[in-house]
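Small disclaimer: the values here were computed from a predicted structure and weren't measured.
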Amino acid sequence: MKSIIPCISFICMSLLSYSLQAKEVQNLSFEYNESRSIRMTGMGVGGWWGVHYERSWLSYHNFKFNTRLGFSTYSLRDFENVLNPDIQIPMSLGIAYGDRHQVGFKTGVTAHRVVVIKKEVKTSKWEWSPFLSLHYRFSFHPNWFGQVAVNYIMVPSQKSYLWPGISIGRNL
Amino acid sequence: MARNKYWKKFINIASFLLLFILFSCSKKYNSYADSKVIGHGGMGVSSTYPMNSLESLLKALNLDADGVEIDVQMTVDGVLVAFHDEFLDDRSSGTGKINERYWESISDLYYTNYPYLSYKVRSLEQILEQLKAYHPLIILDIKNTYAYDEDMANLFDSALNQVLTTYEEEIHFILESKEAEWLSNMQNQFPEISTLLYGYDFWETKEMVAVYDLDGMAIELAALNEVEPAIIQNVDFEISVFNVHNKSQNKTSLDLNIDYIQTENIQQLLRLRGKS
């Protein structure tokens, strides 16, 4: 299962980039349509909570292509009560369809470090965990939206997590 | 005229501040110094640190808790494991019953409460080895004494005796169990160790504590609601409470002069106790 999901996401991304290139060649009506938003998420790919900055670059009819950078932490102080945060930084590429009601798909990785005891010594190292994400977004105000998502997070050397997320965000 | 107006305003504000300070100072606090702050499984059930993980227990002690509560299970080869449930499935990367697995097959497991966090499941000995430097008070919540199987029961007693003997110099142990007779036997072997009977009803547990001559009881805080505070405060045995989640429950536990408060919110309880 772990090996299938990265393959599927790779194929999706390849198809997406191929279709983008093909359509650009044919001079289809791609528009450079920049929009930005920021959102607060409960759970989600950040783990327990997260702040995410999202930027849409291109649109084609009702499709929007976007990138996202997030930040999250489980705790700022480690188990020795010293400032030494656990950090999660999710990054993703995505595509969304719709306007007021929107559904979308994202794929990306989370860079994360967690302070633990290994071989009886305090340690932490950066790891990368790929994830897939499906979301539904509803704009209840011209500038405000709510979002629910289901994420499939694959943590190396651990099990995979089917992890929900709920967000509220603002268009900038 | 304008000057007078400012003076009036100043006097009003100053009087308000003075009254506020006077009332704040007149608030009475009980003496809470006798109540011990115990981290329930370390940092409690709502922390992102999993209960009974070494990291959670260390965090509790580094926040200056007086001690921690640790749940104890045993593998089929007689290794005591710090773990709450009988089954591994819900909280860890493993499956099955702990007491049907060998330690070797458990030693690489980790807790799975949240993505990215990889805290290991550890044996009681691995944990005590790290905690002993803090000279803490540790309540061992004995989840199963294996009374239904003589061999397992003997294996468990021998493993526990070894742990208690090895660390008795550095750690102040308290044993908590539902088995009154077993606790009574342990008390005979280790007279310096306190024994708390886990109960659901105050009066029934009180009677059992007296019959078996134990040191006290461990009971859910909510179960004490029906009992007069004066009775709880004046009993001649020790009381430990659990399921203490919020500020009001922390405050109630302190007001009742509970000996060991197994709290889910250590920092708040320490702040409240500090006001005494």
Side-chain angles (χ1 to χ4, degrees), chain A residues 42-50 70 72-90 109-133 150-165, chain B residues 37 39 41-65 68 82 88-95 107-123 125-134 136 265-267 270-271:
Chain A
M43 300 178 78
V45 289
W48 191 223
W49 66 278
S72 173
T73 175
Y74 278 114
S75 78
L76 293 172
R77 289 178 174 272
D78 67 18
F79 51 82
E80 288 180 339
N81 208 24
V82 175
L83 188 68
N84 185 13
D86 297 331
I87 297 172
Q88 292 84 247
I89 303 174
V109 289
T110 303
H112 55 95
R113 83 186 273 269
V114 176
V115 185
V116 295
I117 297 180
K118 247 181 200 163
K119 292 181 180 162
E120 314 317 326
V121 176
K122 180 162 88 170
T123 180
S124 68
K125 67 169 184 178
W126 283 96
E127 284 186 293
W128 299 84
S129 296
F131 64 85
L132 301 173
S133 165
V150 58
N151 308 290
Y152 188 76
I153 305 170
M154 293 154 276
V155 185
S157 74
Q158 283 190 25
K159 73 165 198 175
S160 298
Y161 294 80
L162 200 57
W163 197 248
Chain B
V37 175
M43 289 298 290
V45 71
S46 51
S47 167
T48 54
Y49 286 110
M51 281 176 74
N52 299 304
S53 64
L54 177 56
E55 288 82 354
S56 184
L57 298 160
L58 281 171
K59 177 90 177 188
L61 295 176
N62 280 313
L63 286 172
D64 286 338
V68 286
L88 290 157
D89 307 54
D90 284 349
R91 295 170 196 253
S92 84
S93 55
T95 54
S107 59
D108 284 335
L109 300 183
Y110 50 88
Y111 292 94
T112 53
N113 301 27
Y114 297 98
Y116 315 122
L117 299 181
S118 54
Y119 304 116
K120 278 186 71 176
V121 175
R122 289 173 195 267
S123 71
E125 208 161 348
Q126 286 174 333
I127 282 174
L128 297 181
E129 199 53 40
Q130 293 278 322
L131 300 193
K132 68 180 183 187
Y134 293 80
N265 194 334
I266 291 170
Q267 283 161 300
L270 284 168
R271 272 199 301 273

* Asked: Which atoms of Tyr74(A) come close to chain B, meaning under 4.5 Å heavy atom to heavy atom: side chain ones, backbone ones, both, or neither?
  -> both
* Contact residues of residues 44-51 of chain B (partner chain A; heavy-atom separation under 4.5 angstrom) -> Thr48(B), Tyr49(B)
* Write down the atom of Ser118(B), the atom of Val116(A), and the distance for their closest heavy-atom approach. => O-CG1, 3.9 Å
* What's the spacing between Lys122(A) NZ and Glu55(B) CD if we round to 0.5 Å? -> 11.0 Å
* Structure fact -> Among Asp86(A), Val114(A), Val115(A), the residue with the most heavy-atom pairs under 4.5 Å to chain B is Val114(A)
* Nearest 0.5 Å, what's the CH2-OH distance between Trp163(A) and Tyr114(B)? -> 6.5 Å
* Answer with side chain, backbone, both or neither: which region of Gln88(A) has an atom nearer than 4.5 Å to a non-hydrogen atom of chain B? => side chain
* Structure fact -> In this structure, CG of Leu117(B) is separated from CD of Gln158(A) (nearest 0.5 Å) by 8.0 Å
* Please check if the side chain of Asn81(A) supplies one atom and the backbone of Leu63(B) the other of a donor-acceptor pair under 3.5 Å. => no
* To do: Enter the distance from Lys118(A):NZ to Lys120(B):NZ here, rounded to the nearest 0.5 Å.
  => 9.0 Å
* Asked: Relative to chain A, which segment of Tyr110(B) carries a heavy atom at a distance below 4.5 Å: side chain, backbone, both, or neither?
  -> side chain
* **Segment of Gln130(B) engaging chain A (4.5 angstrom heavy-atom cut-off)** => side chain
* What are the two closest non-hydrogen atoms of Ile117(A) and Arg122(B), and how far apart are they? -> O-NH2, 2.8 Å
* To do: Give a yes or no on whether the backbone of Val45(A) and the side-chain of Tyr116(B) come within a donor-acceptor separation of less than 3.5 Å.
  => yes
* To do: Could you tell me which portion of Arg77(A) (side chain, backbone, both or neither) has an atom closer than 4.5 angstrom to a non-hydrogen atom of chain B?
  => both
* To do: Let me know if Asn113(B) has heavy atoms under 4.5 Å from chain A in its side chain, its backbone, both or neither.
  => backbone
